[in-house]
Each structure stands twice: as C-alpha cells, then as structure tokens.
Amino acid sequence: VSFNNNASFCVGTGRMGLALQKEYHDQLFMAQELCHFKHIRGHGLFSDDMAIYQYYKDPEGNERISYNFTYLDRVMDDYRAAGLKPFLELGFMPEKMASGTQTIFYWKGNTTPPADHQRWAELIKATLRHLAERYGEEEVSTWPCEVWNEPNLPGFWQYADEAAYHQLYKTSVLAVKEALPEMRVGGPAICGGSTSLDWVRN
C-alpha cells in the first residue's frame with residue numbers, strides 16, 4: 001500500500017501581510033527547503049495591510065476606487081520563488097468596503113459582509129485578472145481558491161450568519177468564474193464545533 005502524504009499538500013501561515021517581512025521570508029524558505037510543501041494558505045488577502053482596495057473621493061467629491069497590487073506582487077513572487085502555489089482565501093473585508101466594524105486578531109481583520117456586493121465582486125475579478133496577467137492564466141487557474149475562513153464561528157464571520165455567507169459565496173464564486181473560468185473555488189472552510197455539521201448539511 002502506498003503512502004499518500006497529504007500533509008505536504010498545503011502549509012498554513014499567518015496573515016499575508018507578514019510575508020512582506022524579511023524574517024518571514026527567511027523562515028519560509030528554510031521550511032520549504034526541509035518540507036517541500038505544494039501550497040500555502042493564509043488570512044488577510046484583502047485586509048488593509050495588503051492595501052489592495054483603495055477608496056477615496058477626488059477634490060470634486062466624486063467617489064473613486066482603484067486597486068494597488070504592489071504588496072500582493074511581492075508576496076506572490078516570494079511564494080513562487082519558494083516553489084509554492086498560493087491557496088487563495090478570499091477575505092477579510094477591506095475596512096472601506098465593510099458593512100460593520102467587527103474585527104478579529106490584534107491586526108484587526110474585518111469579519112463583516114461587504115456593504116456593496118458588487119464592489120466585492122469587482123475586487124475579486126480585478127485581483128484574479130491581475131494575477132493571471134502577471135503569472136499566466138493557465139498557472140493561476142491551478143491555484144485553489146476558497147471563500148472566507150471558518151464562517152461558522154461568529155468571530156470570523158459576523159454572527160456566524162449562514163444566509164449572509166451564502167450570499168457572499170454566490171457573489172464570490174460568480175466573480176471567480178467570470179475572471180478565471182477554470183479556477184477551482186469552494187467553501188466554506190468550517191471549523192469543528194456544535195454548528196459545523198449543520199453548515200455541512202446545508
């Protein structure tokens with residue numbers, strides 16, 4: 001009987017913004033040299049320290065939205081240089097897109113639904129199209145993608161609201177498939193607990 005080492009499929013990491021630090025870079029390459037993981041997954045792709053979503057008003061008071069992928073490129077370049085494929089977790093909510101103020105962790109990842117689902121969809125599409133342009137559509141389409149993290153826990157998703165998560169999931173999957181039709185996308189990545197089986201059944 002052959003042994004299938006599923007442990008090497010994916011390594012978890014802290015928030016994505018940590019990958020901008022030299023100490024993280026050095027430890028990542030050391031761990032990868034020893035363990036040879038295939039994928040890497042972490043929180044905070046859209047959190048404010050990654051600075052992707054930029055909302056502001058121009059001098060005339062008009063709303064403007066732009067996207068800044070400078071930090072994202074640095075992190076993804078590092079992952080690819082280490083021989084890792086990203087396992088993209090779509091979250092958390094940019095503060096200027098969020099419907100509420102609930103956060104988690106000391107770095108304050110916002111865990112509320114988007115105030116505007118269309119803006120959330122446009123953020124996903126813009127990000128995936130940028131990644132496809134930089135690394136190739138065929139390559140990026142092989143990266144696993146999931147919608148949010150452990151939404152059955154009220155700390156990670158406001159009120160653990162299943163209906164609100166289903167709306168987020170639908171919006172997100174449609175956006176992913178519009179940007180990259182061949183990308184695998186799923187969810188929820190639930191955490192064990194008293195409500196976990198209900199989420200699986202639903």
What's the shortest heavy-atom distance between Leu28 and Ala82, and which atoms?
CD2-CB, 4.5 Å
Is a side-chain donor or acceptor of Asp48 paired with a backbone partner of Ala51 at a separation under 3.5 angstrom?
no
Hey, any chance Val147 and Ile40 share a hydrophobic cluster, counting ILVMFWY side chains that come within less than 4.5 Å of each other, even indirectly?
yes
Taking the basic N atoms (NZ, or NE/NH1/NH2) and the acidic carboxylate oxygens, is any pair closer than 4.0 Å for Arg134 and Asp77?
yes
Transitive ILVMFWY side-chain link Phe87 to Leu128, under 4.5 Å
no
Under 6.0 Å between the ring centres of His43 and Phe92?
yes
Kindly indicate, with the supporting measurements, whether the criterion side-chain contact (heavy atoms from CB on, under 4.5 Å) is fulfilled by Glu182 and Glu138.
CA-CA 8 Å; Glu182 299 302 316; Glu138 184 175 351; over 6 Å; no
Kindly indicate whether the side chain of Asp116, heavy atoms from C-beta on, has any atom under 4.5 Å from the side chain of Met97.
no
To the nearest 0.5 Å, what is the distance between CG (Asp49) and CG (Leu18)?
8.0 Å
Is the closest basic N to carboxylate O distance between Arg41 and Glu89 below 4.0 Å?
yes
Check ion pair Arg119-Glu122 (N to O, under 4.0 angstrom):
no
Does Cys191 reach the side chain of Asn152, with side-chain heavy atoms less than 4.5 Å apart?
yes
Say whether Ile65 and Phe69 are linked into one hydrophobic cluster, either directly or through other cluster members, by side-chain heavy-atom distances under 4.5 angstrom.
yes
Heavy atoms of other groups near Gln21 CD, more than 12 under 6.0 Å:
yes
Scan side-chain atoms only and decide if Ser47 and Trp107 contain a donor-acceptor pair under the 3.5 Å cut-off.
no
For Pro94 and Leu123, which heavy atoms make the closest approach, and how far apart are they?
CG-CD2, 3.9 Å
Do Gln54 and Tyr67 get their side chains close enough for a donor-acceptor pair, meaning under 3.5 Å?
no
Using the ring of each side chain (for Trp, its six-membered ring), is Trp120 parallel, tilted or perpendicular to Phe46, with breaks at 30° and 60°?
perpendicular
If you link I, L, V, M, F, W and Y whenever their side-chain heavy atoms are under 4.5 Å apart, who else ends up in the same group as Met30?
Leu34
Return the CD1 to CG distance between Ile124 and Leu180, rounded to the nearest 0.5 Å.
11.5 Å
Establish, from distance only, whether the side-chain atoms of Ser66 and Tyr55 form a donor-acceptor pair under 3.5 Å.
no
Does the ring pair (Phe, Tyr, Trp, His ring centres under 6.0 Å) test come out yes or no for Phe156 and Phe105, once each step is laid out?
CA-CA 10 Å; Phe156 277 106; Phe105 303 129; 5.7 Å; yes
Using only atom types and a distance under 3.5 Å, with no angle test, would you say the side chain of Thr142 pairs donor to acceptor with the backbone of Glu139?
yes
Heavy-atom closest pair, residues Gln102 and Trp157
NE2-C, 4.0 Å
Do Val185 and Lys177 come within less than 4.5 Å of each other through their side chains, counting heavy atoms only?
yes
Heavy-atom nearest pair, Leu168 first then Pro114, reads CD1-CD, 3.7 Å
Aromatic centroids of Trp199 and Tyr165 separated by under 6.0 Å
yes
Assess whether atom CD of Gln32 is packed by more than 12 heavy atoms of other residues, nucleotides or ligands within 6.0 Å.
yes
Return the minimal non-hydrogen interatomic distance between Leu131 and Val140, and the atom names on each side.
O-CG2, 3.4 Å
Are Asp73 and Tyr135 linked by a side-chain donor-acceptor pair shorter than 3.5 Å?
no
Measure from the side-chain N and O atoms of Ser99 to the backbone N and O of Pro113, and report whether any donor-acceptor pair falls under 3.5 Å.
yes
Dump the intermediate steps for side-chain contact (heavy atoms from CB on, under 4.5 Å) on Thr13 and Tyr79, then the final yes or no.
CA-CA 12 Å; Thr13 181; Tyr79 287 170; 4.2 Å; yes
Which value, rounded to the nearest 0.5 Å, describes the distance between Arg64 atom CZ and Asp58 atom CG?
4.5 Å
With a 4.5 Å cut-off on side-chain heavy atoms, are Val75 and Leu20 touching?
yes
With heavy-atom distances below 4.5 Å as the criterion, would you say the side chains of Met76 and Trp143 are in contact?
yes
Does the side chain of Glu23 pick up a donor-acceptor pair with the side chain of Gln27 at under 3.5 Å?
no
Distance-only, no hydrogens or angles: does the Thr112 side chain make a donor-acceptor pair with backbone N or O of Gly100 under 3.5 Å?
yes
His130 side, atom NE2; Ile52 side, atom CD1 - distance, nearest 0.5 Å:
8.5 Å
Do any N or O atoms from the side chain of His39 and from the backbone of Pro86 form a donor-acceptor pair under 3.5 angstrom?
no
If every non-hydrogen atom of Met50 is compared with every non-hydrogen atom of Gly44, which pair is closest and at what distance?
CG-O, 3.4 Å
Does the side chain of Leu72 reach to within under 4.5 Å of the side chain of Met16, using non-hydrogen atoms?
yes
Residues, nucleotides or ligands: over 12 heavy atoms within 6.0 Å of Lys108 NZ
no
Does a side-chain heavy-atom distance below 4.5 Å link Tyr169 with Leu174?
no
Does a salt bridge link Arg129 with Glu178, judged by any charged N lying under 4.0 Å from a carboxylate O?
yes
Kindly indicate whether the side chain of Glu146, heavy atoms from C-beta on, has any atom under 4.5 Å from the side chain of Leu90.
no
Using modelled atom types only, decide if a donor and an acceptor are shared between the side chain of Ser8 and the backbone of Phe37 within a distance under 3.5 Å.
no
If you measure from the Lys or Arg side-chain nitrogens to the Asp or Glu carboxylate oxygens, is any gap between Asp78 and Arg74 under 4.0 Å?
no
Any chain of hydrophobic side-chain contacts (each under 4.5 Å) joining Tyr53 to Leu45?
yes
